[in-house]
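Following: one structure in structure tokens, then a few remarks.
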Amino acid sequence: MYGLLDCNNFFVSCERAFNPSLNGKAVGVLSSNDGCVVARSNELKALGVKMGTPMYQIKNLIDRGEVTVLSSNYTLYGDMSARVMRVLQENAKNLEIYSIDEAFFDVGTNEHSEAYVRKLAKTVTKSTGIPVSIGVAETKTLAKIANHFAKKYKKYNQVCLMETPEKREKALRLTPIGDVWGVGRKSIEKMRFEGIFTAYDFMQKNRAWVRKNFMLTGERVWQELNGEPCVDLVPKKSKKQICTSRSFGEMVEDLETLSQAVSSFASDCAYKLRSQKSCANAVMVFIYTNRFRTDLPQYMQSKIIPFSVATSDTLEIVNASLYALKKIFMSGFKYKKAGVVVMDVVSESTVQQNLFDVKNRRKAENLMKVIDKINDDYRYGVVKLAVQGVEENWKLRRENLSPNYTTKLSEIIKVKI
DNA sequence: TCTGGGGTCCTAGGACCC
DNA sequence: TCTGGGGTCCTAGGACCC
């Protein structure tokens, strides 16, 4: 049996863990630039505010004090996530960290399963302050559905085991097809056309028909709903590509400012590469204008630069990115977003040396180690390249940011006695 | 005025080869 | 105007996820 633990309203719960005055209130966490709502407390969901709602649409609720919004603080959430996963690692078998707030694990099959998962949920919440839900079923897709029930219905008290065919059928009849893991917007339309409205409707279809109409992905969902596992637990692999991109607080027109942003993104990608002990074989840079501003001329372009030898060197990745940027930059457009993607990522240890490589790699590696050490010990970004600029004109808006309670000494919570 | 960011997997179709 | 049939490899883009 597969278990799925999911943190309830994760970003909001992280904020609440350090600011209990948010408990019981309608709270939302915003995307970068304070653009739209990406996490909601139950109270905010109850007000009918949907995931992804732009902030300006709930401006009046905020002004009236009915809703509290916070800028996203990924440093805090990343650290809280690591705490949750650490507790799980110690108490669950074959853990697969699926996302920042979710993990699958092996529950086994015996009559003590329920007591075990209930205790697990309690342990996680007690040691981290984050409320969680656990769903257990024969496949990961079914465990997701069980988890959904655990969250939605109070009577389950945060844990739902869907271990018998009767319980499964009952649950699938109550599950809209769009709520099933792997069924997205496009498929929903098609399913509706075919008269499929619930997970149960889909499960009842003939396998060959499913394969023909919904391809491999659809067939897998079908198998999983029928209790046949085909998406196995996979230990966390290192990433195949790493992307750093941002929308700008204000639109950018000049190459100079774009260069600062792109070199910062490139530098960030290089750091992420080194943190997971890998190197990239290519880097891609992309720039976009604001697609919502239909009144303005639109432009989007990207360019890939391959490396002769896979690298994680900041200088090399920044240089290649700036070269790519110069190639695609066109003046006369107002740019809203840019990003850097390092691609074809391989493990550091497998990098082949190129006979004709003239660069002194050892020296570059040592320099990077020193920079990482300083940035890790003090504050990320203390040491950076001159080309990244000091003013950072492209910076984001983050007007409602909470302190870094767990990762920055100066912002640690103070207890008054 | 304001509308996120970071990923994975699959497929179709082009290029190329025999 | 006619212009095979298959195979492989690569890439762009779609779909989906949180």
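Within every chain, numbering begins at 1; the chains are lettered A, B, ... in the order of the sequence lines, protein sequences first and strands thereafter. Just so you know, these numbers come straight off a predicted model, no measurement behind them.
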Next on the checklist: Check for me whether A:Lys140 meets the cation-pi criterion with A:Phe104, that is, NZ or CZ under 6.0 Å from the six-membered ring centre and within 45 degrees of the ring axis.
Outcome noted: yes
Next on the checklist: Output the rounded distance in Å from CZ (A:Phe286) to P (B:dG4).
Outcome noted: 13 Å
Item to check | Criterion side chain to side chain contact (heavy atoms under 4.5 Å, CB included) against A:Ile145, the qualifying member of A:Leu225, A:Thr139, A:Leu4, A:Leu174 | outcome: A:Leu225
Name the atoms and distances for all side-chain donor-acceptor pairs under 3.5 Å in residues 197-216 of chain A, with sequence neighbours left out.
residue  : atom : partner  : partner atom : Å
A:Thr198 : OG1  : A:Tyr200 : N            : 3.3
A:Thr198 : OG1  : A:Asp201 : N            : 3.1
A:Thr198 : OG1  : A:Asp201 : OD1          : 3.4
A:Thr198 : OG1  : A:Asp201 : OD2          : 3.4
A:Tyr200 : OH   : A:Arg173 : NH2          : 3.2
A:Asp201 : OD2  : A:Phe197 : N            : 2.9
A:Asp201 : OD2  : A:Thr198 : N            : 3.0
A:Asn206 : OD1  : A:Ala208 : N            : 2.8
A:Asn206 : OD1  : A:Trp209 : N            : 3.0
A:Arg207 : NE   : A:Glu219 : OE2          : 2.8
A:Arg207 : NH2  : A:Glu219 : OE2          : 3.3
A:Arg211 : NH1  : A:Glu219 : OE1          : 3.4
A:Asn213 : ND2  : A:Trp209 : O            : 2.9

Next on the checklist: Can you tell me which nucleotide in B:dG4, B:dC10, C:dC18 comes closest to the side chain of A:Leu216?
Outcome noted: B:dC10
Next on the checklist: I'd like to know if A:Glu365 pairs up with A:Lys369 as an ion pair, taking the criterion as any Lys NZ or Arg NE/NH1/NH2 lying under 4.0 Å from an Asp or Glu carboxylate oxygen.
Outcome noted: no
Next on the checklist: Heavy atoms only, 4.0 Å cut-off, all strands: where does A:Ser187 land among base, sugar-phosphate and nothing?
Outcome noted: sugar-phosphate
Checklist entry - From the list B:dC9, C:dC18, B:dG4, which nucleotide is the closest neighbour of the side chain of A:Arg220? => result B:dC9
Item to check | Watson-Crick and G-U pairing of DNA chain C written in dot-bracket, each distance under 3.5 angstrom, with | for inter-strand partners | outcome: ....||||||||||||||
Checklist entry - So what does A:Gln241 touch, heavy atoms closer than 4.0 Å: a base, only the sugar-phosphate, or nothing? => result base
Checklist entry - How far apart are the C-alpha atoms of A:Tyr288 and A:Tyr299, what are their side-chain angles, what is the distance that settles it, and do they pass the ring-ring contact (aromatic ring centres under 6.0 Å, His included) test? => result CA-CA 6 Å; A:Tyr288 294 158; A:Tyr299 177 73; 9.8 Å; no
Checklist entry - NA contact type, A:Val180, heavy-atom cut-off 4.0 Å: base, sugar-phosphate, or nothing? => result sugar-phosphate
Next on the checklist: Of the listed nucleotides (B:dC2, B:dT8, B:dG5), which one gets closest to any side-chain atom of A:Tyr56?
Outcome noted: B:dC2
Item to check | Nearest to side-chain heavy atoms of A:Arg211, which nucleotide of B:dT3, B:dT11, B:dC10 | outcome: B:dT11
Checklist outcome for this item: Atom CD1 of A:Ile100 and atom C1' of C:dC17 are separated, to the nearest Å, by 14 Å
Checklist entry - Considering only B:dG4, C:dA15, B:dA12, which nucleotide approaches the side chain of A:Met215 most closely? => result B:dA12
Next on the checklist: Given 3.5 Å as the limit, does a donor-acceptor pair link the side chain of A:Thr53 with the main chain of A:Lys50, or not?
Outcome noted: yes
Next on the checklist: I'd like to know if A:Lys277 and A:Glu348 make a salt bridge, using a cut-off of under 4.0 Å between side-chain N and carboxylate O.
Outcome noted: no
Next on the checklist: Can you tell whether the side chains of A:Arg16 and A:Glu43 come within less than 4.0 Å, N to carboxylate O?
Outcome noted: yes
Next on the checklist: Under 4.0 Å, heavy atoms only, any strand: does A:Ile242 hit a base, just the sugar-phosphate, or nothing?
Outcome noted: sugar-phosphate
Next on the checklist: Applying a 4.0 Å non-hydrogen cut-off, can you work out what A:Lys59 is touching in the nucleic acid: base, sugar-phosphate, or nothing?
Outcome noted: nothing
Next on the checklist: Taking the basic N atoms (NZ, or NE/NH1/NH2) and the acidic carboxylate oxygens, is any pair closer than 4.0 Å for A:Lys167 and A:Glu163?
Outcome noted: yes
Item to check | Sugar-phosphate, base or nothing in reach of A:Thr244, heavy atoms under 4.0 Å | outcome: sugar-phosphate
Checklist entry - Could you state the CD-P distance from A:Glu96 to C:dC17, rounded to the nearest angstrom? => result 16 Å
Checklist outcome for this item: A:Trp181 has its side chain closest, among B:dG6, B:dG4, C:dC17, to C:dC17
Checklist entry - To the side chain of A:Arg293, which of B:dG5, B:dC10, B:dC2 is closest? => result B:dC2
Next on the checklist: Rounded to whole Å, how long is the line connecting atom CD1 of A:Ile145 with atom P of C:dC17?
Outcome noted: 12 Å
Item to check | N or O in side chain of A:Arg291 less than 4.0 angstrom from B:dT3 OP1/OP2 | outcome: no
Checklist entry - Quick one: is A:Ser99 getting a side-chain N or O under 4.0 Å of the B:dG7 phosphate, OP1 or OP2? => result no
Next on the checklist: Quick check, does A:Phe292 stack with B:dT3? I mean ring centres under 5.5 Å and planes off by under 30°.
Outcome noted: yes
Checklist entry - Reckon A:Lys144 touches a base, only the sugar-phosphate, or nothing at all at heavy-atom distances under 4.0 Å? => result sugar-phosphate
Checklist outcome for this item: Judged by nearest nucleotide, the residue sitting upstream toward the 5' end of DNA chain B, A:Met251 or A:Ser245, is A:Met251
Checklist entry - Under 4.0 angstrom, heavy atoms only, what part of the nucleic acid is A:Val341 near: base, sugar-phosphate, or nothing? => result nothing
Item to check | Length of the CG-C1' vector between A:Leu401 and B:dG4, whole Å | outcome: 16 Å
Checklist entry - Nearest to the side chain of A:Lys240 - C:dC18, B:dT8, B:dG4? => result B:dT8
Item to check | Candidate nucleotides B:dG5, C:dC18, B:dT8, ranked by approach to the side chain of A:Asp101 - the nearest | outcome: C:dC18
Checklist outcome for this item: Against the side chain of A:Cys243, the closest entry in C:dC17, B:dG4, B:dG6 is B:dG6
